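Small disclaimer: the values here were computed from a predicted structure and weren't measured.
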Amino acid sequence: MGRRRIHVYHALFDSMPVDEAATRAAVEKRLEEVRRYRQVGWIRKEAFITAGYEPRYHGATHAVSQPTERLAIGNVDKEAELVRKSELLDLAMERLSEEQREVIRRSYLDQKAEYDFISCGEMGISDRTYRRIKASAIRLLAAAMRLEVYQEEELHMAKHGVG
């Protein structure tokens with residue numbers, strides 16, 4: 001019987017007041033966002049400028065409206081953010097074991113949607129082992145990408161020494 005390896009992130013993750021369900025949702029949201037970006041890329045928003053020829057009778061606001069500029073800056077910033085998230089995911093995935101990487105890739109990053117039970121059969125492991133590996137990988141990714149969601153009540157109590 002093999003010895004179960006405990007990663008340093010697991011020890012850290014178990015000792016802090018982390019909301020596991022919310023953390024898992026945050027990691028899954030990030031994985032889905034990166035998967036969509038890698039498949040489709042960033043779809044830029046375009047300005048829909050329509051000239052208005054009716055006179056506008058209102059007081060001077062001295063405000064300059066620059067919708068095209070804001071849109072261009074937003075497009076560049078969003079694409080740069082998605083590239084950064086993709087690169088961060090790649091770095092975090094390198095920290096996982098080969099088995100964990102394969103589970104995350106099959107569950108979240110592949111283009112074709114595949115059920116977990118099919119992946120279990122193809123990998124030659126049981127459903128329970130697959131779920132355990134997947135949960136472990138998600139915890140590690142959350143720690144590596146700083147996506148942990150802390151439980152507010154326990155965090156508040158720990159800060160103020162209550163309890």
Side-chain angles (χ1 to χ4, degrees), residues 1-46 70-163:
M1 184 144 201
R3 180 175 78 114
R4 185 172 176 198
R5 293 175 36 199
I6 296 178
H7 199 278
V8 71
Y9 287 131
H10 288 283
L12 183 64
F13 196 82
D14 292 338
S15 67
M16 296 189 323
V18 176
D19 183 352
E20 289 196 40
T23 298
R24 181 184 181 104
V27 171
E28 287 176 344
K29 180 181 176 187
R30 174 69 54 89
L31 290 167
E32 177 63 21
E33 186 177 22
V34 169
R35 184 189 65 79
R36 274 189 277 132
Y37 170 68
R38 288 179 179 176
Q39 283 181 354
V40 179
W42 170 243
I43 299 172
R44 297 177 186 275
K45 295 181 181 176
E46 295 183 15
R70 282 195 310 271
L71 197 60
I73 291 171
N75 281 336
V76 170
D77 288 347
K78 183 64 176 179
E79 188 166 13
E81 176 188 344
L82 288 170
V83 167
R84 185 183 56 77
K85 286 178 179 180
S86 181
E87 290 171 351
L88 181 61
L89 177 63
D90 288 339
L91 288 172
M93 291 284 283
E94 289 176 7
R95 304 291 184 248
L96 300 178
S97 71
E98 187 63 38
E99 200 171 46
Q100 290 171 329
R101 254 187 304 235
E102 180 69 15
V103 167
I104 293 297
R105 186 187 60 76
R106 286 174 173 268
S107 295
Y108 299 104
L109 299 176
D110 276 353
Q111 290 184 9
K112 58 180 180 175
E114 195 171 85
Y115 293 108
D116 285 350
F117 71 89
I118 294 172
S119 295
C120 296
E122 290 176 355
M123 291 178 68
I125 57 177
S126 70
D127 184 50
R128 181 178 174 157
T129 302
Y130 187 87
R131 284 184 281 122
R132 183 179 51 80
I133 292 169
K134 186 176 180 180
S136 170
I138 286 176
R139 283 196 300 268
L140 291 172
L141 287 174
M145 294 188 298
R146 296 183 181 189
L147 293 175
E148 301 101 336
V149 178
Y150 297 101
Q151 295 173 353
E152 293 298 323
E153 183 177 310
E154 290 181 26
L155 189 61
H156 177 73
M157 290 171 51
K159 276 186 182 176
H160 300 296
V162 180

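Looking at every heavy atom in both residues, Glu148 comes nearest to Ala143 through OE2-CA, 3.0 Å.
Applying the side-chain hydrogen bond (donor to acceptor under 3.5 Å, both in side chains) criterion to Asp77, with sequence neighbours excluded, gives no partner residue. Checked against side-chain hydrogen bond (donor to acceptor under 3.5 Å, both in side chains), Asp110 has the following partners two or more places apart in sequence or in another chain: Arg105. Scanning for side-chain hydrogen bond (donor to acceptor under 3.5 Å, both in side chains) contacts around Lys29 gives an empty result, with sequence neighbours left out. With sequence neighbours excluded, the residues satisfying side chain to side chain contact (heavy atoms under 4.5 Å, CB included) with Ala22 are Asp19, Val149. Every residue meeting the side chain to side chain contact (heavy atoms under 4.5 Å, CB included) condition with Arg36, not counting sequence neighbours, appears here in chain and number order: Glu32. Scanning for salt bridge (charged side-chain N to carboxylate O under 4.0 Å, His left out) contacts around Glu94 gives an empty result, with sequence neighbours left out. Residues that satisfy the side chain to side chain contact (heavy atoms under 4.5 Å, CB included) test with Ile125, not counting sequence neighbours, are Glu99, Met123, Thr129, Tyr130, Ile133. Partners of Gln39 under the side-chain hydrogen bond (donor to acceptor under 3.5 Å, both in side chains) rule, at least two apart in sequence or in another chain, are Arg35. The side chain to side chain contact (heavy atoms under 4.5 Å, CB included) check on Arg128 picks up Ser126, Arg131, with sequence neighbours excluded. Contacts of Arg24 classified as salt bridge (charged side-chain N to carboxylate O under 4.0 Å, His left out), with partners at least two apart in sequence or in another chain: Glu28.
Taking CG of Leu147 as the reference point, atom CZ of Arg30 lies at 4.5 Å (rounded to 0.5 Å). Taken to the nearest 0.5 Å, the CG atom of Leu88 stands 10.0 Å off from the NZ atom of Lys85. For the atom pair CD (Glu81) and CD (Glu33), the distance works out to 6.5 Å, reported to the nearest 0.5 Å. Note that CD of Glu102 and CG of Leu96 are 12.0 Å apart. Values are rounded to the nearest 0.5 Å.
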I would like to know whether Leu89 and Met93 meet side-chain contact (heavy atoms from CB on, under 4.5 Å); could you show each step before the answer?
CA-CA 6 Å; Leu89 177 63; Met93 291 284 283; 3.9 Å; yes

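Panel note: side chain Arg38, backbone Ser86; a donor-acceptor pair is recorded below 3.5 Å.
Counting only heavy atoms from C-beta outward, the side chains of Glu79 and Asn75 never approach each other to under 4.5 Å. No side-chain heavy atom of Ser119 sits less than 4.5 Å from a side-chain heavy atom of Val103.
Pairs of residues two or more places apart, or lying in two chains, that qualify as ring-ring contact (aromatic ring centres under 6.0 Å, His included) and include a residue from residues 93-116 are Tyr115-Phe117.
A salt bridge between Arg101 and Glu98 is present, with a side-chain N of the basic residue lying under 4.0 Å from a carboxylate O of the acidic one.
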